Amino acid sequence: YGKPIIAWEVGVKTDISPLEWSLKNNLGVVPSKVINFDSGIFVRNASNSSLELWDFNSEAYILIETIALQDTADNIALSPDGSKIAVSFKNEDGIIEIWDVKSNKMIYSFKMNGWVGAIAFSPNGEELASTSYRKEMRFWNVATGQLKKSIPLEDDSRFSYGDFIYSPDGTKLAAQNNNWDFDIWDVTTGKVLYTLQAGEWTENLVFSPDGQFLASSERLPKEQIYNTIKLWDVNTGNLVMTLENNSIITTMSFSPDGKQLAVASHSDYPSPATIVLWDLTSGTIKQILNGHTMQINNLAYLSEGTIL
């Protein structure tokens, strides 16, 4: 909440002097799917039915432009190359708009049946997936605005309104469902490959860079504030590893080689946050990073895994 972004040098020592850029505005929580670390921009859902594009490459945090919307935004996704924004709204109209960042113009408008639950760009940015409350998943061609295919969902439990992400190669989708489990979808066939029963409150889905594994966190009942991290084999649906964490997990990120998992957590809001680096080969803690004074909402490895 208006706190610094910190860059850590991974694997050097525990007490690291962070590189900090102070936010000049209270920007609130910025979800990971609206941050593009290559271009150095992120999208903020403003309170006045508009989106704001910010440049975080500089110390000043420059507001690049503001996009005026028809209504209050609900789901927002930034394309992998940072050139387009997809947005749905907090109403039952089922409208999804695609905006061009450079021209600040809406280029396409899609129509779902009912309230949109989740949206996601494919890794190559050519496809947009969406779900609606009316038991439907649709795939759109971003270049033409045309509907590629529609998949009727079997029942309400298949509907996704939480984590909704493509695998790195774009062939699978991991979607949190109404039962707090998550489904692994085959994008080509439109079939559910596996339903993984991850726990009572599953969140923070993230694929490994090679797409072979999926990590999830499970928040236990309210009287217990710690999370369990689970590592799944995407090809078999089998649970590979369980890691116990001693506080509430807010976000996770795989290292580029997939051998390490960075996990951010805090004991309770607004307590200081900690990043734990897990060695996935041994299932042990490799390093603990302290420095954030409040909740961490996003993690990403830069360079070749040497900067987090």
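Predicted, not measured: the structure shown is a model, and the values here were computed from it. Throughout, numbering of the chain's residues begins at 1 and tracks the sequence.
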Quick one: closest heavy-atom pair of [X] and [Y], and the distance?
{"X": "Phe164", "Y": "Ser130", "answer": "CE2-N, 4.1 Å"}
{"X": "Asn204", "Y": "Ser217", "answer": "ND2-OG, 2.9 Å"}
{"X": "Ala262", "Y": "Leu299", "answer": "O-CD1, 3.6 Å"}
{"X": "Trp99", "Y": "Asn104", "answer": "CZ3-O, 3.6 Å"}
{"X": "Pro80", "Y": "Pro123", "answer": "CG-O, 3.2 Å"}
{"X": "Ala77", "Y": "Phe121", "answer": "O-CE1, 3.4 Å"}

Could you walk me through whether Asp71 and Ser49 pass the side chain to side chain donor-acceptor pair (under 3.5 Å) check? CA-CA 5 Å; Asp71 203 345; Ser49 299; 4.7 Å; no

Are a donor atom and an acceptor atom from the side chains of Ser132 and Asn113 found within less than 3.5 Å of each other? no

Ignoring hydrogens and angles, state whether a donor on the side chain of Thr131 or Glu136 is under 3.5 Å from an acceptor on the partner side chain. no

Check each of [options] against [X] using the side chain to side chain contact (heavy atoms under 4.5 Å, CB included) test, and report the only one that passes.
{"X": "Phe110", "options": "Ile95, Leu147, Leu128", "answer": "Leu128"}
{"X": "Lys230", "options": "Thr242, Val240, Leu243", "answer": "Thr242"}
{"X": "Lys172", "options": "Val234, Thr188, Asp186", "answer": "Val234"}
{"X": "Phe182", "options": "Leu214, Ile165, Thr195", "answer": "Leu214"}

Are the side chain of [X] and the backbone of [Y] linked by a donor-acceptor contact shorter than 3.5 Å?
{"X": "Asp169", "Y": "Thr171", "value": "yes"}
{"X": "Tyr194", "Y": "Asn235", "value": "yes"}
{"X": "Tyr108", "Y": "Ile96", "value": "no"}

Under a 4.5 Å cut-off applied to non-hydrogen side-chain atoms, are Asp74 and Trp115 in contact? yes

Looking at side-chain heavy atoms only, is the closest gap between Thr228 and Glu244 below 4.5 Å? yes

Sequence neighbours left out, what passes side chain to side chain donor-acceptor pair (under 3.5 Å) with Ser253? Give chain and number order. none

Point-to-point distance, once rounded to the nearest 0.5 Å, from CG of Asp279 to NZ of Lys259: 9.5 Å

